[in-house]
Amino acid sequence: VQKNVELLVSNTQLHHIFALYLALLEYKHFGRPYARALQENARYFAERLDARGLKIAAREFGYTQSNQVWMELGSKAEAIEQFKKLDRLCISTNLFTLPRGRWGLRLGMNGITRLGADRACLDELANIFADLFSGRKTLSALAAEVQTLRAALGEPKYSFDDTAAGQELIKLLLSLQ
């Protein structure tokens, strides 16, 4: 374990090793269903954004085969403006240059998938994006919608937190500190 831990953490403090161990156990137990949901959510969200008139990269290839959705915005200034608006709504994205020098946003689906987002949730989120980018609603109105959506998601899924066995494991690990 020590030999492999050094590749994944900067030091070998006991609580870091336990956190890594627990994360790896969760990955082993929940990894496949999480990965499946991640890809399905990314593809579905890309489709919903596209259906609302937002330009999504790789449409001709089914939008994505990963956890990311790439939204094309044209100029660097437009991408920065939309990035800042999303940031004010506490929606985390990444600015980046798409192939052939176009600017856009990279939308990672990891967090929202881990929180258990389903198609209805992604439909609501796509509506928020469309309303924001079109200017149909104010930032304050959309902020309230984002807060309601986030509250409805609850606690992380794909985690031992929701299982009795997981709770026992967490108690055991905490007792060893």
Side-chain angles (χ1 to χ4, degrees), residues 6-10 16 19-20 23-24 26-27 30-153 156-159:
E6 289 172 358
L7 299 173
L8 300 170
V9 294
S10 62
H16 292 170
L20 175 61
L24 291 172
E26 285 183 336
Y27 178 75
F30 300 106
R32 288 189 191 279
Y34 173 66
R36 238 182 334 274
L38 195 53
Q39 286 183 322
E40 290 170 7
N41 280 353
R43 193 169 301 114
Y44 184 78
F45 188 56
E47 291 168 1
R48 301 323 316 145
L49 291 171
D50 186 44
R52 287 160 176 80
L54 300 173
K55 192 170 183 183
I56 305 303
R59 180 184 201 188
E60 65 276 18
F61 301 109
Y63 301 104
T64 185
Q65 298 295 315
S66 73
N67 66 305
Q68 297 178 10
V69 175
W70 293 359
M71 180 184 295
E72 296 184 35
L73 294 169
S75 72
K76 182 178 182 180
E78 175 68 13
I80 290 170
E81 180 184 340
Q82 300 302 352
F83 170 83
K84 287 179 178 179
K85 287 179 187 177
L86 288 164
D87 187 57
R88 281 187 232 130
L89 294 177
C90 297
I91 296 176
S92 180
T93 63
N94 299 103
L95 277 170
F96 80 121
T97 307
L98 288 129
R100 296 184 290 280
R102 299 164 295 161
W103 279 86
L105 297 173
R106 185 177 65 221
L107 313 173
M109 302 304 293
N110 303 60
I112 198 161
T113 298
R114 181 94 195 264
L115 291 171
D118 59 11
R119 288 181 172 217
C121 172
L122 297 174
D123 284 331
E124 286 183 50
L125 187 59
N127 287 337
I128 290 168
F129 270 70
D131 289 342
L132 176 68
F133 289 4
S134 70
R136 282 189 295 262
K137 293 186 180 178
T138 65
L139 275 174
S140 59
L142 292 169
E145 290 182 29
V146 169
Q147 287 177 343
T148 300
L149 182 63
R150 174 58 184 93
L153 288 170
K157 313 302 183 276
Y158 306 101
S159 164

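Heavy atoms only: backbone and side chains are in, while hydrogens, waters and symmetry mates are out.
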In Å and rounded to the nearest 0.5 Å, what is the [atom1] to [atom2] distance from [X] to [Y]?
X	Y	atom1	atom2	result
R52	F133	CZ	CZ	13.5 Å
C121	F45	SG	CZ	9.0 Å
R106	T97	CZ	OG1	11.0 Å
T93	K84	OG1	NZ	12.5 Å
L149	D123	CG	CG	11.0 Å
N110	N41	CG	CG	10.5 Å

Give a yes or no on whether [X] atom [atom1] has more than 12 heavy-atom contacts from other residues, nucleotides or ligands under 6.0 Å away.
X	atom1	answer
R59	CZ	no
Y27	OH	no
W70	CH2	no

Exercise. Using atom types as modelled and distance alone, determine if a side-chain donor or acceptor of E72 lies under 3.5 Å from a backbone N or O of G104.
Key: no

Distance-minimising heavy-atom pair for [X] and [Y]:
X	Y	value
I56	D50	CG1-N, 3.9 Å
A79	L73	CA-CD1, 3.7 Å
A57	L98	CB-CD2, 3.8 Å
A126	R48	CB-CB, 3.7 Å
V69	A46	CG1-CB, 3.9 Å
R43	T64	NH2-O, 3.2 Å

Under a 4.5 Å cut-off applied to non-hydrogen side-chain atoms, are [X] and [Y] in contact?
X	Y	value
D118	Y44	no
L95	L105	yes
Q82	M71	no
K85	L89	no
R114	Y34	yes
L122	M109	yes

Self-check item: side chain to side chain contact (heavy atoms under 4.5 Å, CB included) between F129 and L107, worked out
Solution: CA-CA 11 Å; F129 270 70; L107 313 173; 4.0 Å; yes

Practice problem: Given side chain to side chain contact (heavy atoms under 4.5 Å, CB included), test N67 with T113 step by step and report yes or no. | Solution: CA-CA 9 Å; N67 66 305; T113 298; over 6 Å; no

Quiz item: Going through the distances and angles, do L132 and I91 end up as a side chain to side chain contact (heavy atoms under 4.5 Å, CB included)?
Solution: CA-CA 12 Å; L132 176 68; I91 296 176; over 6 Å; no

